[in-house]
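To start, the structure under review is shown below, and the notes come after it.
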Amino acid sequence: MRKFKIGFWAVIFGLMGIVIFQNQDFFMAKQILSIDFIFTKYETPELHRAILFGGIFLTGFIISYIFTLIDRLKFRKVVKSLGAEIDSQNENITLLINELESVKGGSSGNNKEKEEKEEKEEEEEEQKSA
């Protein structure tokens with residue numbers, strides 16, 4: 001998938017380069033960008049159209065990044081709260097399991113813990129021997 005993305009973007013940039021190269025007269029023509037507010041008027045010095053296109057593209061990219069950044073921060077907060085909720089529910093589950101085991105009179109929970117410890121010790125010994 002990574003190679004596909006690299007190839008895809010290479011094709012896109014290649015096509016953009018071809019369009020710009022074939023239309024150099026249009027992109028290299030100088031133009032003034034003027035903004036007329038009610039109280040004032042602003043004009044840029046003569047710039048190549050390619051620079052104007054690049055500046056407008058960069059401005060749009062920054063604006064879209066800011067809007068998605070706000071959403072990403074909201075989603076990160078939601079993920080953290082859901083993670084905390086999962087942890088609290090896991091704790092409740094273990095408490096209920098322990099309570100159930102104590103009501104039954106068995107200590108299978110301790111046996112599970114012992115089995116897990118033994119398995120971990122065996123894995124560590126295998127890793128040391130390997």
Side-chain angles (χ1 to χ4, degrees):
M1 187 68 175
R2 180 176 167 89
K3 290 181 182 179
F4 175 75
K5 286 182 183 179
I6 292 171
F8 174 76
W9 286 110
V11 169
I12 295 295
F13 285 124
L15 291 174
M16 285 176 35
I18 290 171
V19 168
I20 292 171
F21 181 74
Q22 290 179 351
N23 296 299
Q24 281 183 354
D25 294 337
F26 174 76
F27 286 108
M28 292 304 157
K30 292 187 176 186
Q31 188 171 2
I32 295 174
L33 179 67
S34 62
I35 301 172
D36 189 11
F37 296 114
I38 296 171
F39 50 89
T40 187
K41 185 176 181 180
Y42 177 75
E43 289 185 356
T44 63
E46 282 192 353
L47 297 172
H48 295 285
R49 286 184 185 157
I51 294 172
L52 293 175
F53 278 112
I56 291 170
F57 174 78
L58 185 63
T59 303
F61 185 79
I62 291 170
I63 290 171
S64 66
Y65 179 78
I66 290 170
F67 282 118
T68 57
L69 178 68
I70 293 168
D71 289 339
R72 282 186 277 155
L73 293 175
K74 288 178 185 177
F75 291 143
R76 185 179 297 166
K77 192 175 187 179
V78 169
V79 168
K80 284 182 181 179
S81 67
L82 291 175
E85 187 175 335
I86 288 171
D87 292 339
S88 67
Q89 288 178 354
N90 285 337
E91 290 175 9
N92 288 339
I93 289 170
T94 54
L95 290 174
L96 290 172
I97 289 172
N98 290 337
E99 184 179 332
L100 180 64
E101 289 173 357
S102 66
V103 168
K104 286 183 177 179
S107 61
S108 63
N110 293 334
N111 291 337
K112 288 181 182 177
E113 291 176 2
K114 288 180 184 177
E115 290 175 3
E116 289 175 1
K117 286 181 183 178
E118 290 175 359
E119 289 176 5
K120 286 181 183 178
E121 290 174 358
E122 290 175 4
E123 290 176 5
E124 290 175 0
E125 289 176 6
E126 289 176 4
Q127 290 176 354
K128 288 180 183 177
S129 65

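All residue numbers in this chain count up from 1 along the given sequence.
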Checklist entry - Heavy-atom distance under 4.5 Å between the side chains of Thr94 and Asn90, does that happen here? => result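 With C-beta onward as the side chain, the pair stays apart.
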Look up atom [atom1] in [X] and atom [atom2] in [Y], then write down how far apart they are to the nearest 0.5 Å.
{"X": "Met1", "Y": "Lys5", "atom1": "CE", "atom2": "NZ", "result": "5.5 Å"}
{"X": "Lys30", "Y": "Ile51", "atom1": "NZ", "atom2": "CD1", "result": "8.5 Å"}
{"X": "Gln22", "Y": "Gln24", "atom1": "CD", "atom2": "CD", "result": "10.0 Å"}
{"X": "Leu82", "Y": "Lys80", "atom1": "CG", "atom2": "NZ", "result": "13.0 Å"}
{"X": "Thr68", "Y": "Leu73", "atom1": "OG1", "atom2": "CG", "result": "9.5 Å"}
{"X": "Ile56", "Y": "Thr59", "atom1": "CD1", "atom2": "OG1", "result": "7.5 Å"}

Is there a continuous path of hydrophobic side-chain contacts, each under 4.5 Å between heavy atoms, that joins [X] to [Y]?
{"X": "Ile35", "Y": "Ile38", "answer": "no"}
{"X": "Ile20", "Y": "Phe57", "answer": "no"}
{"X": "Leu58", "Y": "Leu52", "answer": "no"}
{"X": "Leu33", "Y": "Leu47", "answer": "yes"}

Checklist entry - Which atom pair, heavy atoms only, marks the closest approach of His48 to Met28? => result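 His48 and Met28 have their closest heavy atoms at ND1-O, 2.8 Å.
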Next on the checklist: Go through it in stages, so that I can follow the logic: the residues are Glu101 and Asn98, the test is side-chain contact (heavy atoms from CB on, under 4.5 Å), and I'd like the CA-CA distance, side-chain angles, deciding distance and then a yes or no.
Outcome noted: CA-CA 5 Å; Glu101 289 173 357; Asn98 290 337; 4.0 Å; yes
Checklist entry - Would Trp9 and Ile12 count as a side-chain contact (heavy atoms from CB on, under 4.5 Å) if you check the C-alpha gap in whole Å, the side-chain angles of each, and the deciding distance to 0.1 Å? => result CA-CA 5 Å; Trp9 286 110; Ile12 295 295; 4.2 Å; yes
Item to check | Parallel, tilted or perpendicular, as decided by the 30° and 60° cut-offs, for the rings of Phe53 and Phe27 | outcome: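 Aromatic pair Phe27/Phe53 classed perpendicular.
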